[in-house]
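Take a look at the structure set out below.
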Amino acid sequence: MTVLVTGGAGYIGSHTVRMLRDAGREVVVLDSLEMGHEEALLGAELVVGEIADFDLVTKLCRERRVTSVIHFAAYKSVGESMTDPFRYFSNNVGGSTTLIDAVVAAGVEQFVFSSSAAIYGSPARIPVTEDLDAHPESVYAETKWMIERVLSWIGETRGLRSVCLRYFNAAGASFDSRIGEDWSVTTNLVPIVMKAALGRRGPLEVFGNDYPTRDGTGERDYIHVVDLADGHVKALDYLDSGKPSLACNLGTGRGSTVLEVLAETARISGREVPHVFSPRRAGDPAIVFADPSLAARELGWTARHGIVEILQTAWTWHSTHIDGYGTGR
Ligand code: UD1
């Protein structure tokens with residue numbers, strides 16, 4: 001009854017591995033450590049290797065009696081996916097397809113996939129429900145959607161049951177500050193805000209202040225990484241109970257604007273966040289937030305933490321691990 005977690009040494013993966021172990025699950029992590037950190041595993045069993053290594057994956061699944069897989073390992077920079085598309089198709093699509101092939105060959109019947117709200121593109125309706133058509137607007141988003149399709153067909157042809165979790169904007173760190181995000185490999189708002197507040201970079205560029213939102217800046221659904229981890233534990237429970245494949249949003253259903261994130265960070269940290277206003281970033285929609293009711297109904301999952309806890313935990317983590325893992329306190 002072991003759970004294989006690919007990318008378990010990464011940001012969302014490490015929080016999930018920790019919660020699975022706390023829930024009494026047997027876990028083995030497969031991670032190349034190209035982007036992940038061994039310290040983030042907090043002692044969980046690690047096999048260093050590639051998801052595209054068919055023989056390694058089948059052997060691991062058979063030896064460790066793996067019954068479920070949670071697949072996080074992927075590249076995740078939207079900008080880089082547009083300048084280096086083959087890197088993304090090769091790893092996120094080619095690697096994931098080989099992984100799925102290998103785990104099915106080894107008899108695994110349950111699979112949880114780290115998908116993204118990016119598959120909706122600029123959503124036609126807010127709040128975003130799962131029945132909206134996928135409309136990927138980047139190579140990164142397309143790779144996530146392609147693997148959702150692969151999983152749907154492998155369900156049809158091989159009986160693999162899957163849950164695709166479409167994350168909104170993942171942020172925050174663990175409440176005890178032992179694990180958090182590596183800000184050297186991300187371009188997302190919250191880590192950049194923390195970096196600016198800590199004087200580790202120049203002023204934050206606020207991309208656009210003329211959107212049709214409360215204060216003119218972009219509004220997003222920030223979801224605490226601990227809530228995301230809980231979503232994965234509940235997705236496994238859902239599959240364990242024999243239920244059919246599902247794709248669902250993991251979001252809070254509430255949005256925060258860039259200026260609200262800056263103001264709350266200033267309040268929490270006691271420091272002003274240096275920022276300048278810049279033109280809109282190409283492709284950024286004004287408002288995106290989830291309708292999370294499907295996850296509530298099917299998985300029994302709802303987000304328990306809001307933007308304040310996200311920014312509090314991110315602040316504590318970054319200010320005590322000023323250069324990430326292996327540094328700070
Ligand atoms: C990003 C990803 C998307 C992914 C989603 C959830 C991009 C383009 N998209 O979306 O694929 O599914 O996270 O993980 O990266 N902002 C600034 N200044 C900055 C950075 C961001 O003003 O320096 C603003 C953005 O315009 C946006 C908000 O902050 O309004 C959030 O941006 P970001 O963290 O990059 O996430 P998304 O673009 O929503």
Side-chain angles (χ1 to χ4, degrees), residues 10-13 15 72 74-83 88 92 113-123 126 128 132 134-145 147-148 164-172 181 183 185-197 200-225 227-228 231 247 249-252 254-265 273-290 292 303 307 310-311 314:
Y11 173 46
I12 304 172
H15 287 81
F72 291 101
Y75 295 139
K76 63 169 185 180
S77 164
V78 172
E80 185 190 53
S81 78
M82 301 303 278
T83 54
Y88 280 69
N92 292 13
F113 177 55
S114 172
S115 187
S116 170
I119 66 157
Y120 299 113
S122 301
I126 304 291
V128 178
L132 282 188
H135 194 316
E137 289 173 5
S138 66
V139 169
Y140 163 76
E142 186 71 53
T143 65
K144 292 291 174 184
W145 177 237
I147 294 306
E148 286 207 18
C164 296
L165 297 173
R166 299 173 178 169
Y167 315 150
F168 283 67
N169 293 59
E181 191 165 10
W183 67 15
V185 295
T186 171
T187 55
N188 291 125
L189 180 69
V190 171
I192 293 180
V193 165
M194 298 301 150
K195 218 171 184 172
R200 306 294 285 198
R201 55 161 285 150
L204 170 93
E205 281 186 78
V206 178
F207 297 138
N209 60 354
D210 57 352
Y211 284 108
T213 60
R214 308 186 264 288
D215 57 25
T217 63
E219 182 177 335
R220 294 291 183 276
D221 188 340
Y222 297 94
I223 167 93
H224 201 290
V225 66
D227 281 323
L228 284 182
N249 293 337
L250 291 185
T252 66
R254 300 166 68 143
S256 301
T257 67
V258 176
L259 286 181
E260 287 166 352
V261 168
L262 293 184
E264 191 56 33
T265 303
V273 184
H275 61 278
V276 293
F277 290 101
S278 300
R280 293 181 179 192
R281 184 169 66 179
D284 271 0
I287 306 180
V288 183
F289 60 89
I307 192 69
I310 287 172
L311 297 173

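Just so we're clear, the structure is a prediction, and the values are computed from it rather than from any experiment. Both counts, for ligands and for their atoms, begin at 1 and track the order of listing.
Protein heavy atom in closest approach to atom 6 (C) of ligand 1: F168 O, 3.2 Å. The closest protein non-hydrogen atom to atom 22 (O) of ligand 1 is F207 N, 2.9 Å. At the top of the distance list for atom 35 (O) of ligand 1, counting protein heavy atoms only, stands R281 NH2, 2.9 Å. For atom 39 (O) of ligand 1, the closest heavy atom belonging to the protein is R220 NE, 2.6 Å. The protein atom (non-hydrogen) at minimum distance from atom 15 (O) of ligand 1 is V78 CG2, 3.6 Å.
At least one heavy atom of Y222 sits closer than 4.0 Å to an atom of ligand 1.
Taking the side chain as every heavy atom from C-beta outward, H135 and S122 never approach each other to under 4.5 Å. A heavy-atom distance below 4.5 Å is not found between the side chains of Y211 and T257. Within the 4.5 Å cutoff, the side chain of E181 has no heavy atoms near those of the M194 side chain. In this structure, L262 and V206 have side chains that are in contact, with non-hydrogen atoms separated by less than 4.5 Å. Put simply, the side chain of Y88 does not reach to within 4.5 Å of the side chain of K144, judged on heavy atoms.
Residue contacts with ligand 1 for Y140 involve side-chain atoms from C-beta outward but no N, CA, C or O (heavy atoms, distance under 4.0 Å). With a 4.0 Å heavy-atom cut-off, ligand 1 is reached by the backbone of N169 and by its side chain too. Within the 4.0 Å heavy-atom criterion, the part of S116 lying near ligand 1 is the side chain and not the backbone.
Using a 4.0 Å cut-off to heavy atoms of D284, the atoms of ligand 1 that qualify are 25 (C), 26 (O), 38 (O). The atoms of ligand 1 that sit less than 4.0 Å from any heavy atom of V206 are 22 (O).
Under the 3.5 Å distance criterion, the side-chain polar atoms of N188 are left unmatched by any main-chain donor or acceptor of V190. A donor-acceptor contact shorter than 3.5 Å is absent between the side chain of R166 and the backbone of G251. The main-chain N or O of F277 is never found under 3.5 Å from a side-chain atom of N209 such that the two would form a donor-acceptor pair. N92 places no side-chain N or O within 3.5 Å of a backbone atom of Y140 that could act as its donor or acceptor partner.
Looking at ligand 1, you won't find any N or O of V258 less than 3.5 Å from one of its N or O atoms. Between N188 and ligand 1, an N or O atom pair is found at a separation short of 3.5 Å. Considering backbone and side-chain atoms together, L189 places an N or O closer than 3.5 Å to an N or O of ligand 1. Between E219 and ligand 1, a contact under 3.5 Å exists for no N or O pair. Considering backbone and side-chain atoms together, E205 places an N or O closer than 3.5 Å to an N or O of ligand 1.
Side-chain atoms of S115 and E148 include a donor-acceptor pair closer than 3.5 Å.
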